[in-house]
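The structure under discussion appears below in the form of structure tokens.
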Amino acid sequence: MPRGVYKRVYEVVARVPYGKVVTYGQIARHLGLPKGARLVGWAMRRCPGELPWHRVVNAQGGLSAGAHPGHCPLQRALLEDEGVSFGPDGRVDLATFGWDEI
DNA sequence: GGGCTGACTGACG
DNA sequence: ACGTCAGCCAGCC
């Protein structure tokens with residue numbers, strides 16, 4: 001079994017298909033940590049760089065990565081470029097773009 | 001080596 | 001609908 005949970009987080013994020021998004025809690029639950037959504041956030045914060053981090057959003061479909069300066073507009077731009085549309089409230093429709101085959 | 005922090009979430013009042 | 005609390009793991013003082 002892999003060492004840290006973060007290793008699996010990166011692996012899952014790397015598997016997210018083009019034009020789809022996943023939530024932190026979704027990943028956490030996939031790892032067997034229903035309450036470990038924060039761990040995913042911790043792992044993403046380190047942002048290796050080669051991961052499609054922009055495809056990771058919060059449970060509401062909002063952009064949590066926007067908390068870090070310079071990422072909010074970028075993440076939205078990257079997602080829209082992949083065909084992911086945002087609602088009037090600035091949120092992604094998880095029912096449509098959510099990756100449920102995790 | 002011990003304690004704090006963090007890109008989150010769901011439950012409760 | 002809104003504020004607060006607890007829970008997870010690893011890295012960094």
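Basis for what follows: all heavy atoms, side chains included, without hydrogens, waters or symmetry-related copies. Quick caveat: nothing in here was measured; it's all calculated off a predicted structure. Residue numbers start from 1 in every chain, and the chains themselves are labelled A, B, ... in the order their sequence lines are given, proteins ahead of strands.
Tyr18(A) shares a hydrophobic cluster with no other residue; no ILVMFWY side chain has heavy atoms under 4.5 Å from its own.
A heavy atom lying under 4.0 Å from DNA chain C marks the following residues of residues 27-35 of chain A, by number: Leu33(A), Lys35(A). Taking every heavy atom of residues 73-98 of chain A and every atom of DNA chain C, no pair lies under 4.0 Å.
Taking atom OH on Tyr24(A) and atom C1' on dG7(C), their separation rounds to 18 Å, with Å as the unit. dT5(B) atom C1' lies 18 Å from atom CE of Met44(A), rounded to whole Å.
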*Could you go step by step and tell me if Val56(A) and Val21(A) meet the side chain to side chain contact (heavy atoms under 4.5 Å, CB included) rule?*
CA-CA 6 Å; Val56(A) 183; Val21(A) 298; over 6 Å; no

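With sequence neighbours excluded, the residues satisfying salt bridge (charged side-chain N to carboxylate O under 4.0 Å, His left out) with Arg15(A) are Glu11(A).
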*With pairs defined as Watson-Crick or G-U wobble and both distances under 3.5 angstrom, please note down DNA chain C as a dot-bracket string, | for pairing with another strand.*
.||||||.|||||

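Between atom CD of residue Gln75(A) and atom CZ of residue Arg55(A) there is a gap of 11.5 Å, rounded to the nearest 0.5 Å. Rounding to the nearest 0.5 Å gives a distance of 13.0 Å between CG of Leu31(A) and OH of Tyr6(A). With rounding to the nearest 0.5 angstrom, the OG1 atom of Thr23(A) is 8.0 Å from the CG atom of Asn58(A).
Base contact: Ala65(A) has a heavy atom under 4.0 Å from a base atom.
With hydrogens and angles ignored, the 3.5 Å screen pairs a side-chain donor or acceptor of Tyr10(A) with a backbone N or O of Ala43(A). Checking side-chain atoms of Arg29(A) against main-chain N and O of Pro34(A) turns up no donor-acceptor pair under 3.5 Å.
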Review item, side-chain donor-acceptor pairs of residues 83-102 of chain A, under 3.5 Å, at least two apart:
from: Asp89(A); atom 1: OD1; to: Arg91(A); atom 2: N; distance (Å): 3.3
from: Asp93(A); atom 1: OD1; to: Ala95(A); atom 2: N; distance (Å): 3.1
from: Asp93(A); atom 1: OD2; to: Thr96(A); atom 2: OG1; distance (Å): 2.8

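With distances taken from any side-chain atom of Leu39(A) to the nucleotides dG11(C), dC8(B), dC9(C), the minimum falls on dC9(C).
A continuous path of ILVMFWY side-chain contacts below 4.5 Å connects Val12(A) to Leu33(A), so both sit in one hydrophobic cluster.
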